Amino acid sequence: MHCNIWSASSLALLLVTAGGVADACQRVRHEHSTPLVKRQSTPLTPLTPDEDVLVRSVSSTTLSEWSYYYTHGQHLAGKNQSMAQWTADRWAESGLDSGLVSYNVYLNYPVSKSLRLRHANGSVIFEPALEEAVLDQDGTSSYPDRIPTFHGYSATGNASAEYVYVGRGQRVDFQRLLDLGVPLEGKIALARYGGPFRGLKVKNAQEHGMVAAVLFTDPADDGGMTEAHGHAAYPDGPARNPSAVQRGSVQFLSTYPGDPTTPGYPSKEGVPRTDSSVVTPRIPSIPISYADAIPLLAALDGHGTTGAEVNRTGWVGALNVTYSTGPAPGTVLDLSNVMEDKITDIWNAVGIINGTTYADETIVIGNHRDAWIVGGAADPNSGTAVIVELAKALGQLVAETGWKPKRNIVLCSWDGEEYGMVGSTEWVEEYLPWLNATAVSYLNIDVGTSGPHPGLSATPELHDIAVETMKKIVWRETNRTMFDVWNEDNQGYIEPLGSGSDYTAFVHSGIGSVDIGSWNGGSDPVYHYHSNFDSYHWMTTYGDPGFVNHKYMAQYLTLLAYKMADADLIPFNVSTYSTEMNNYFADLEKTVNSNSSVLDLSPLRAAIDDFTTQASALGALQQQLLLSGPSSPSDTAASLTPKEVNQKSRDFQRGFVSQGGLPGREFYRHVVFAPGVDTGYAPTTFPGITEALVESRNVTLAEEWLGKTAAAIKVAADVVKP
Ligand SMILES: *[C@@H]1O[C@H](CO)[C@@H](O)[C@H](O)[C@H]1NC(C)=O
Ligand SMILES: *[C@@H]1O[C@H](CO)[C@@H](O)[C@H](O)[C@H]1NC(C)=O
Ligand SMILES: *[C@@H]1O[C@H](CO)[C@@H](O)[C@H](O)[C@H]1NC(C)=O
Ligand SMILES: *[C@@H]1O[C@H](CO)[C@@H](O)[C@H](O)[C@H]1NC(C)=O
Ligand SMILES: *[C@@H]1O[C@H](CO)[C@@H](O)[C@H](O)[C@H]1NC(C)=O
Ligand SMILES: *[C@@H]1O[C@H](CO)[C@@H](O)[C@H](O)[C@H]1NC(C)=O
Ligand SMILES: *[C@@H]1O[C@H](CO)[C@@H](O)[C@H](O)[C@H]1NC(C)=O
Ligand SMILES: *[C@@H]1O[C@H](CO)[C@@H](O)[C@H](O)[C@H]1NC(C)=O
Ligand SMILES: *[C@@H]1O[C@H](CO)[C@@H](O)[C@H](O)[C@H]1NC(C)=O
Ligand SMILES: *[C@@H]1O[C@H](CO)[C@@H](O)[C@H](O)[C@H]1NC(C)=O
Ligand SMILES: *[C@@H]1O[C@H](CO)[C@@H](O)[C@H](O)[C@H]1NC(C)=O
Ligand SMILES: [Zn+2]
């Protein structure tokens, strides 16, 4: 999956317009004075001979071949074992010890659906197409085994009822509707995509007694790249094809990811299974295109409160309707959704190169392989092509120089990510003892490219190395480094990790992660997220003609992985964790003040200060060891060996997950960041405390989590302490 952003790269725009742009992803930027970065050209960091081999090994031609393979056969979760094997075979050719690891998981598949708009007397107003157009130019849009539009983990069921437009479907949207006196009980929700994870829209509708949900894509989220702004629609131009539908999971992601029936343990055949309704909806839901949404929205015009009067961010879209709440008395939707529930196998491909020096330190690199559609050229198979190419480049380095990594490298091609990070979560649950003992970092690439703007999110200890590595790549034909292009878009800001891709289970097991990709901005061709038009044809025509973004992302991830596996000292800056925690602390103070709450933050303050002291001491020691060279710690005052320092780098993060899970969602254990309970994708910082105040409004709970958060940071600080 991955947040359907056009505007991760529009942070500069956000600054200029003072938050006036409603981000489809609702990314929260923590405002801490950074000077505005303008266009600049940083000198390219010289490459070492090994790095030079790696960079030269990456080829747009082979990337395009891998992409072609992955985007011409259906590979919905649990449907294509041969594609998993093909991936393992490519890695084996590159010298990795490779094979498949399977899990037996709950998934469901679409059988049939229908939707009809009618008057109470039965006369039909409109029958939505519910399927995407078949395009002559785009071969995979007509494959006989193309995948219908549907919601993964949606419920089977029928509903006939009046309906209400609920905006983005967040809790605050529903609260606004209640305040306006709009009836919700027994109605069908019509919600706009974007903002919170789609499953939470359905959850919120269900919790308000609504009986079904219809989710549509609004072209307002396509920035200026719309037909209304004079751009032709795909395949004739870069704007959204009006029939495009966003498929996707409706799991309640912020409660827990992974197989809904096996929370906390791996889904092996024959294991006990729990009721999935804690994290999957009981009401049916269907996704539709904007072409299909227009008559539904138009029928609400003149009924209830208009969008302008509702006056909520993200409520009014770009269609020629008033975005009125409704309901329109006597105007009814008949909805039916039939799913086939299955316990079925999924296959992760796993490839390993053992480390030579630090056998108890492991770098995991992963990408998911499954897609909602036959294509998936951006999501996820641009990333899949990249990690096949990465393996090829490492193989080339071994062939040319006999290189061996000092740390273990593990490549993972996940299945079942789209339903809720199923393959990665089950794998982490199975291998947790080994990961807990050895994992240094998890590097994730989901959508490798949907456009030309490089972006990243990461846990703080990885910020510096992720940024420094960008200075080694020339970005496209700009004669500027990847760093310059990224920095201009993002003003040096690296977002924390919420959820929405396979880093989730790692982060909440205390394993730091970076998530990389390159995105389309508001003036780039529209990427048809989870639609048939995320195809090889779209990629070669609009998304990344010539596979250049693919190439630079592959070079970047390869250099990052190489450095992580090859450096004598793990290249972490632990002090960045202090900097970030201080920023989050300032945010928390604002929340507490705006609540005029009496919460005493001093234990948290003291824990962060302690962590800060220990992190600078460790940083100083790292510098000392770097200066003295890897093999001669003895002639310095260094009190620890490189191996001991590395173990601290590896282990301190486990402290952040040492105090048990967040209230009502025990899977999420990291005390510094977690996906927001009502956002799913976007992160909340110091989630235990913040959500106790803002969501549960329970000061006792906030106090309890203040104690746990401080305790967790203290555990981390004690590990960091040299
Ligand atoms: C699996 O994917 C490959 C490559 O795209 C394709 O050739 C094959 O037909 C797919 N298998 C199934 C069962 O759909
Ligand atoms: C059904 O109701 C609609 C709206 O009240 C009306 O316009 C239409 O003529 C009715 N159709 C029949 C067949 O009665
Ligand atoms: C909309 O809400 C904002 C604050 O949320 C307020 O400043 C503004 O006056 C409101 N506009 C209307 C038309 O009610
Ligand atoms: C918008 O809808 C109104 C009412 O249906 C119509 O009169 C108007 O021409 C439409 N505008 C555009 C730009 O399509
Ligand atoms: C649900 O609706 C479908 C389509 O209208 C219909 O075929 C089916 O019989 C209905 N099922 C139930 C249980 O009402
Ligand atoms: C890698 O190391 C593991 C654990 O020490 C060992 O079981 C495995 O055989 C090794 N693999 C190779 C290819 O040497
Ligand atoms: C993970 O390792 C830490 C030590 O670094 C230990 O305290 C903790 O119990 C381990 N957790 C699990 C789940 O194995
Ligand atoms: C590219 O950058 C290099 C070094 O910064 C400079 O010498 C060269 O003139 C630049 N080329 C173009 C086309 O801007
Ligand atoms: C580590 O990060 C801190 C704070 O972000 C910074 O002051 C320091 O210079 C960094 N250390 C190194 C070695 O770059
Ligand atoms: C804290 O403030 C938020 C919004 O500022 C509000 O929604 C919440 O109810 C407040 N919580 C408490 C405990 O007062
Ligand atoms: C607030 O949280 C405390 C601590 O977890 C709990 O005991 C109490 O029941 C909660 N209060 C409410 C009103 O939910
Ligand atoms: Zn994805």
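Read the numbers this way: they start at 1 and go in the same order the structure lists the ligands and their atoms. Quick caveat, the model's predicted, so the values are computed rather than measured.
- The side-chain contact (heavy atoms from CB on, under 4.5 Å) test with Y165 singles out one residue from L300, T305, T325, and that residue is L300.
- The distance criterion of under 3.5 Å between nitrogen or oxygen atoms is met by N573 with respect to ligand 9.
- The ring of Y577 has its center closer than 6.0 angstrom to the ring center of F652.
- A salt bridge links D259 with R273; the closest basic N to acidic carboxylate O contact falls under 4.0 Å.
- The shortest contact between atom 11 (N) of ligand 7 and any protein heavy atom is with N436 ND2, 2.9 Å.
- For ligand 9, the atoms lying closer than 4.0 Å to a non-hydrogen atom of T576 are 2 (O), 5 (O).
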Worked check of side chain to side chain contact (heavy atoms under 4.5 Å, CB included) between V164 and I188: CA-CA 6 Å; V164 171; I188 293 172; over 6 Å; no
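- Residue, atom and distance of the protein heavy atom nearest to atom 8 (C) of ligand 2 are N121 ND2, 3.7 Å.
- Counting atoms of ligand 9 from 1 in the listed order, those under 4.0 Å from a heavy atom of T579 are 4 (C), 5 (O).
- Looking at atom 5 (O) of ligand 2, its nearest protein heavy atom turns out to be H119 ND1, 4.6 Å.
- Residue Q623 places a heavy atom under 4.0 Å from ligand 9.
- Proximity of atom 14 (O) of ligand 7 to the protein is indicated by at least one non-hydrogen atom lying closer than 4.0 angstrom.
- Taking the six-membered ring where tryptophan is involved, the planes of W434 and Y431 are perpendicular, since the angle between them exceeds 60° and thus also 30°.
- Within the 4.0 angstrom cut-off, atom 2 (O) of ligand 9 has one or more protein heavy-atom neighbours.
- Partner of H508 under the ring pair (Phe, Tyr, Trp, His ring centres under 6.0 Å) criterion, chosen from F673, Y442, Y503, Y668: Y668.
- Taking a cutoff of 4.0 Å between a charged side-chain nitrogen and a carboxylate oxygen, R650 and E361 do not qualify as a salt bridge.
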